[in-house]
*Asks:* 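I have a structure here, written as structure tokens, and I will follow up with some questions on it.
We count ligands from 1, going down the list as the structure has it; atoms in each ligand are counted the same way.
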Amino acid sequence: MTSYVAAIDQGTTSTRCMIFSHAGEVVAVDQKEHEQIFPKAGWVEHDPEEVWRNTREVAAGALAKADLSAKDIVAVGITNQRETAVVWDKSTGKPVYNAIVWQDTRTDKICAELEGLGGGQDRYKEKTGLPLATYFSGPKVRWILDNVDGARERAEAGELLFGNMDTWLLWNMTGGPAGGVHITDPTNASRTLLMDLSTLAWDESIAADMRIPLSMLPEIRSSSEEYAKVRERGALAGVPIAGILGDQQAATFGQACLSPGEAKNTYGTGNFVLLNTGTEKVMSQNGLLTTVCYKIGSNDPVYALEGSIAVTGSLVQWLRDNLGMIVSAPEIENMASAVDDNGGCYFVPAFSGLFAPYWRSDARGAIVGLTRYVNKGHLARAVLEATAFQSREVIDAMNADSGVPLTALKVDGGMVVNELLMQFQADILGVPVIRPVVAETTALGAAYAAGLAVGFWEGEDDIRNNWAKDKEWTPSMDDAAREKTFGQWKKAVTRTFDWVEADD
Ligand SMILES: Nc1ncnc2c1ncn2[C@@H]1O[C@H](COP(=O)(O)OP(=O)(O)O)[C@@H](O)[C@H]1O
Ligand SMILES: O=P(O)(O)OC[C@H](O)CO
């Protein structure tokens, strides 16, 4: 009998279930979008119960499409949008508030207050690898406990649990109030601002600063081991859950960036460049994050430097949903192809402030360089170029931190079908951009973590052997033109700073 591995990929815009063969080929995929809830400017929420419903539907859907059942699946892995925080009641399974999404900026005052305790934005950097920023989960949990009636008392009484989406789904998949397992892995835990990167344990003093009871926090296990079996209901009943990786770390794993110096860039709602630094924890001097890349069973953890960019594909969505300039995301390529360049127009999408390498929560989006000459083609081009320029900025920071310039960039994610963007990315970086055959590397990475734990794949060589190149774009822009347009971009970025007032 042929066996397969399944992966649940719980992303910012949608939830997918994918089924993979031993060769790492996609056998089936089912996907469902969930509602993006924007209660106020800067706030972004998801309904955790909707996400859990969608997870069950896509798991059943993927199995049905492949004409398989649970007995054909040897393991399931979970990968997820990171940082997004869910707090729920462990006896009812009901969330006490919507999930607060990683893009949400409501915790800026909490972050400022924590900075004021001493050490400024880098107060927890040495321990956690992260600056104090609205992006991470800890301050989001603190906000829920401070703002939901009775939540703090219930949390202190041990009645509430916290988790990122991996933990929320795994707890539900293993029975919820009836025996659900409350765990996470170090890649997710390293995004909370609560985990010590060296010990891979929760840091009691940071939790105390944030007034988060330790009893709410999940147990931190490795990224690849058999945690529990799926409850005896639903499509995946009885299948071992054997892998958990935050989605960007999963993509790094799925891209076979398994040796120090190997890097990938994922183009989804946001962009995330991760550079494998091996068992060495490199602290950035240039605005990047230090994070856990993966921890396979009892092996030492592998770390990464990360350049996180909040808004890339979501800017294309914004053009579609908020301005109605396009009906579907792929249309942007035609519109941008109608012109030869950006016509002098630059679009800095600082919708959630700016993440790496700036970490400016006071920034907001700006379109600069407008003249009567600029038309919608130029604007479409500026939207796509924003993704490439932001990627260049974090890769420059990475090159400075590592001292070893990147010689090629592996890419994946929803936007990499866009040829114009990929060519411009190669042009603006001055190095080749390489897309693999399986661009769904996030789900693939989670499948690998789960499959390794149950012996379906034997080791990292299987992962390396399964990776294959689909297409490569080589730079064609001359150096002077590249540096001129990049210089203009950097000037445009400075125009977004210092926009939000302290009392906004
Ligand atoms: N042809 C395209 N050109 C540009 N952007 C695209 C294209 N197709 C999809 N996108 C963008 O890619 C993103 C979806 O990528 P995906 O990897 O599925 O995201 P996520 O995992 O963050 O949910 C969306 O933000 C969408 O706007
Ligand atoms: O859902 P994605 O693919 O946009 O990824 C979100 C990141 O994990 C946020 O840190």
*Asks:* Just heavy atoms, cut-off under 4.0 Å: does Asn418 contact ligand 1 by side chain, backbone, both, or neither?
*Replies:*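 Within the 4.0 Å criterion, Asn418 contacts ligand 1 through side-chain atoms alone.
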*Asks:* Among all protein heavy atoms, pick the one closest to atom 11 (C) of ligand 1 and tell me residue, atom and distance.
*Replies:*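 The protein heavy atom lying closest is Met415 CG, 3.7 Å.
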*Asks:* Hey, what do you get for OG1 (Thr184) to CD1 (Ile244), rounding to the nearest 0.5 Å?
*Replies:*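 The CD1 atom of Ile244 is 5.5 Å from OG1 of Thr184, to the nearest 0.5 Å.
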*Asks:* Please tabulate, line by line, the atom pairs linking an N/O of ligand 2 to a protein N/O at a distance below 3.5 Å, with the distance in Å to 0.1, or answer 'none'.
*Replies:*
residue  : atom   : partner : partner atom : Å
ligand 2 : 1 (O)  : Thr12   : N            : 2.8
ligand 2 : 1 (O)  : Thr12   : OG1          : 2.5
ligand 2 : 1 (O)  : Asp247  : OD2          : 3.2
ligand 2 : 3 (O)  : Asp247  : OD2          : 3.1
ligand 2 : 4 (O)  : Thr12   : OG1          : 3.2
ligand 2 : 4 (O)  : Thr269  : OG1          : 3.3
ligand 2 : 5 (O)  : Asp247  : OD2          : 2.7
ligand 2 : 5 (O)  : Gln248  : NE2          : 3.2
ligand 2 : 8 (O)  : Arg82   : N            : 3.0
ligand 2 : 8 (O)  : Arg82   : NE           : 2.9
ligand 2 : 8 (O)  : Asp247  : OD1          : 2.5
ligand 2 : 8 (O)  : Asp247  : OD2          : 3.4
ligand 2 : 10 (O) : Arg82   : NE           : 3.3
ligand 2 : 10 (O) : Arg82   : NH2          : 2.9
ligand 2 : 10 (O) : Glu83   : OE1          : 2.6
ligand 2 : 10 (O) : Glu83   : OE2          : 3.3
ligand 2 : 10 (O) : Tyr135  : OH           : 2.6

*Asks:* Below 4.0 angstrom from a heavy atom of Val417, which ligand 1 atoms are there? Numbered from 1 as shown, please.
*Replies:*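 Listed by number with element: 1 (N).
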*Asks:* Does any N/O atom on Gly414 come nearer than 3.5 Å to any N/O atom on ligand 1?
*Replies:*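 Between Gly414 and ligand 1 (N or O atoms, distance only) the closest approach is under 3.5 Å.
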*Asks:* Only one of Thr387, Val316, Leu384 clears side-chain contact (heavy atoms from CB on, under 4.5 Å) with Asn418; which?
*Replies:*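 Only match with Asn418 under side-chain contact (heavy atoms from CB on, under 4.5 Å): Leu384.
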*Asks:* For the rings on Trp52 and Trp168, is their centre-to-centre separation under 6.0 Å?
*Replies:*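 No, ring centres 6.0 Å or more apart.
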*Asks:* Indicate the ring-plane relationship of Trp143 and Trp43, choosing parallel, tilted or perpendicular according to the 30° and 60° boundaries.
*Replies:*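 Rings of Trp143 and Trp43: perpendicular, as their planes differ by over 60°.
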*Asks:* Among all protein heavy atoms, pick out the one at the shortest distance from atom 22 (O) of ligand 1; state its residue, atom name and that distance to 0.1 Å.
*Replies:*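 For this ligand atom, the closest protein heavy atom is Thr269 OG1, 2.5 Å.
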*Asks:* Look at atom 10 (N) of ligand 1 and say which protein heavy atom is nearest, naming residue and atom and giving the distance to 0.1 Å.
*Replies:*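 I find the closest protein heavy atom is Ala329 CB, 3.8 Å.
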*Asks:* Please enumerate all residues that pass side-chain hydrogen bond (donor to acceptor under 3.5 Å, both in side chains) together with Asn375, with sequence neighbours excluded.
*Replies:*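 Counting only residues at least two positions away or on another chain, Asn375 forms a side-chain hydrogen bond (donor to acceptor under 3.5 Å, both in side chains) with His378.
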*Asks:* Any idea which protein heavy atom is nearest atom 18 (O) of ligand 1, and the distance to it?
*Replies:*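 Protein heavy atom at minimum distance: Arg16 NH2, 2.7 Å.
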*Asks:* Heavy atoms, side chains only, cut-off 4.5 Å: are Asp396 and Phe486 in contact?
*Replies:*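 Yes. Closest side-chain heavy atoms under 4.5 Å.
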*Asks:* Once you round to the nearest 0.5 Å, how far does CG of Leu217 lie from OG1 of Thr167?
*Replies:*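 OG1 of Thr167 is found 10.0 Å from CG of Leu217.
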*Asks:* Among all protein heavy atoms in this structure, tell me which lies nearest to atom 23 (O) of ligand 1, with the distance rounded to 0.1 Å.
*Replies:*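 The answer is Thr13 OG1, 2.5 Å.
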*Asks:* Side chain, backbone, both or neither: which part of Glu33 comes within less than 4.0 Å of ligand 1 when only heavy atoms are counted?
*Replies:*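 Glu33 to ligand 1: no contact under 4.0 Å from either part.
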*Asks:* I'd like to know whether Val44 forms a side-chain contact (heavy atoms from CB on, under 4.5 Å) with Phe38, so could you lay out the CA-CA distance, the side-chain angles of the two residues, the decisive distance to 0.1 Å, and finally the verdict.
*Replies:* CA-CA 5 Å; Val44 189; Phe38 306 112; 3.9 Å; yes
*Asks:* Ligand 1 and Gln31, any nitrogen or oxygen pair closer than 3.5 angstrom?
*Replies:*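 No - when backbone and side-chain N and O of Gln31 are compared with those of ligand 1, no distance drops under 3.5 Å.
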*Asks:* Is Ser14 close to ligand 1, meaning an N/O of one under 3.5 Å from an N/O of the other?
*Replies:*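 There is no such contact.
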*Asks:* Could you list the atoms of ligand 1 found under 4.0 angstrom from a heavy atom of Pro330?
*Replies:*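 Answer, ordered by atom number: 1 (N), 2 (C).
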*Asks:* Does Gly313, backbone or side chain, put an N or O under 3.5 Å from an N or O of ligand 1?
*Replies:*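 Yes - when backbone and side-chain N and O of Gly313 are compared with those of ligand 1, one distance drops under 3.5 Å.
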*Asks:* Could I get the full list of side-chain contact (heavy atoms from CB on, under 4.5 Å) partners for Ala388, not counting sequence neighbours?
*Replies:*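 Listed in chain order: Leu421, Phe424, Gln425, Ile428.
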*Asks:* Among Gly268, Ala439, Ala443, whose heavy atom sits nearest atom 19 (O) of ligand 1?
*Replies:*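 Nearest heavy atom to atom 19 (O) of ligand 1 lies in Gly268.
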*Asks:* Looking at Gln317, which atoms of ligand 1 are within less than 4.0 Å of one of its heavy atoms?
*Replies:*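 Those of ligand 1 that fall under 4.0 Å from Gln317 are 24 (C), 25 (O), 27 (O).
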*Asks:* For residues 76-86, which residue pairs pass the side-chain hydrogen bond (donor to acceptor under 3.5 Å, both in side chains) check, not counting sequence neighbours?
*Replies:*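 Residue pairs with at least one partner in residues 76-86: Gln10-Gln81, His46-Gln81, Asn80-Asn188, Gln81-Thr84, Arg82-Tyr135, Arg82-Gln249, Arg82-Glu306, Glu83-Tyr135, Glu83-Arg191.
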*Asks:* What is the distance from atom CZ of Phe272 to atom CG of Leu289, rounded to the nearest 0.5 Å?
*Replies:*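 The CG atom of Leu289 is 9.5 Å from CZ of Phe272, to the nearest 0.5 Å.
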*Asks:* Quick one: which ligand 1 atoms are inside 4.0 Å of a heavy atom on Ser314?
*Replies:*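 What qualifies from ligand 1 is 25 (O).
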